[in-house]
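Below is one structure, written out as structure tokens; comments come after it.
Note on naming: letters A, B, ... go to the chains in the order of the sequence lines (proteins, then strands), and numbering restarts at 1 for each one. Nothing here was measured: the structure is a model prediction, and the numbers come from that model.
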There are 2 protein chains.
Amino acid sequence: MKVYGDSQSGNCYKVKLMLSLLDLKHEWIHVDILSGESHTEAFLDKNPTGKIPLLALDDGRYIAESNAIINYLATGSEFLSTDPFDYAKVQQWQFFEQYSHEPYIAVARFIAKYLGLPAERKAEYLAKQAGGHKALQVMEQQLLKTPFLTGNKITTADITLYGYTHVADEGGFDLLRYPAIIQWLKRIQSLPNFIAM
Amino acid sequence: MKVYGDSQSGNCYKVKLMLSLLDLKHEWIHVDILSGESHTEAFLDKNPTGKIPLLALDDGRYIAESNAIINYLATGSEFLSTDPFDYAKVQQWQFFEQYSHEPYIAVARFIAKYLGLPAERKAEYLAKQAGGHKALQVMEQQLLKTPFLTGNKITTADITLYGYTHVADEGGFDLLRYPAIIQWLKRIQSLPNFIAM
């Protein structure tokens, strides 16, 4: 299979990390979003939203959206339970990530790291801080109770939230305020076949 | 089981519609978010994000996030395939909805319908229009090819996107520009046990 992505994007890195943890063979095709490579006609034919990451299966079918991709890859592995309640809790954290975490932490990081915090986006960057800290507090509260987000075992929900949380400092979020998150990051970093961004 | 929600919210209505289509018995507990009922200590104990809808199972466990809830409810039904690729495509559309559809269409509707389009949020309302139309175009493109979002059969992905799409006009989006979406809305409205918002 092939993955279209940019491993400096947290959404793409989630997929890269999942592939490594599962030791799955794949071809990585670099797509430079800043130069418009995800909005060429050829790419839009593959994914009409013009977004990466995108998984291309060997039979010509595609799956988009990082969290849908990693759940697909992890099906049948120790990272994803088939119990309906357990799977629902995994998805609960993943939808939380896309709606209540990524739009604050990843966007603040993008403005600071990729755009160099230009004056015209400073207000937006500052406005992202409260929402980002709210998301981190929700995670901290859970991780004070259980070693992983859905309980005692690692799941794809942890891979999802690891994506941007471990680089939250690049968006101005001081993780030292969240000791349980720091311990959880270390737990993930010590997994066999872990790869850094 | 119990559902905490406000059926005028598209996210909550998705759950109400899914429960009706599956003919599942439940108790609906109205939560008024505008008066802060989702941020009381008692509610935050149930769901630390302070968001509705929230599903309470009879055994005391909770599931949050509308799309996680409807996938849980639909497990084993005709609305959700167990095939890993088919399930991944359902999730792909659901993550698209939470990241690329809801933040534009639902937020524009909220500003117009609930807040009465106040002058200080007019710019934000107008800024939501382009993103909303982009999401509707992605849906239209798919629905010109297949009767439902993931193919020939209805899935929870259709319930997810129906939630806010059918009231997109309340956010200023003229659906007459999207004839395939209009036909798809009618297909859903004609399902047995369909209930309107």
Axial cation check for A/Phe85 ring with B/Arg61, 6.0 Å and 45° limits: yes

Examine B/Lys16 relative to B/Trp28 and say whether NZ or CZ is less than 6.0 Å from the centre of the six-membered ring and inside a 45° cone about the ring axis. yes

Under-4.0 Å salt bridge between B/Glu97 and B/Lys14: yes

Looking at B/Glu65 and A/Lys89, is there a salt bridge between them, counting it only when a charged N and a carboxylate O are closer than 4.0 Å? no

Quick one: what part of [X] sits under 4.5 Å from any heavy atom of chain A, side chain, backbone, both or neither?
| X | result |
| --- | --- |
| B/Gln92 | both |
| B/Asn71 | side chain |
| B/Thr49 | both |
| B/Gln142 | neither |

For the candidates A/Ser100, A/Gly76, A/Pro84, which exhibits the highest count of non-hydrogen atom pairs separated by less than 4.5 Å from chain B? A/Pro84

Assert top hit (heavy-atom pairs under 4.5 Å, partner chain A, pool B/Val138, B/Ile63, B/Ile69, B/Val90) equals B/Ile63

From the list B/Gln141, B/Lys134, B/Gln137, B/Glu102, the residue making the most non-hydrogen contacts under 4.5 Å with chain A is B/Glu102

Using a 3.5 Å distance criterion without hydrogens, assess whether the side chain of B/Thr75 forms a donor-acceptor pair with backbone atoms of B/Tyr72. yes

Nearest-0.5 Å distance, CZ of residue A/Phe148 to CH2 of residue A/Trp184: 9.5 Å

Select one option (side chain, backbone, both, neither) describing which atoms of A/Leu57 are under 4.5 Å from chain B's heavy atoms. side chain

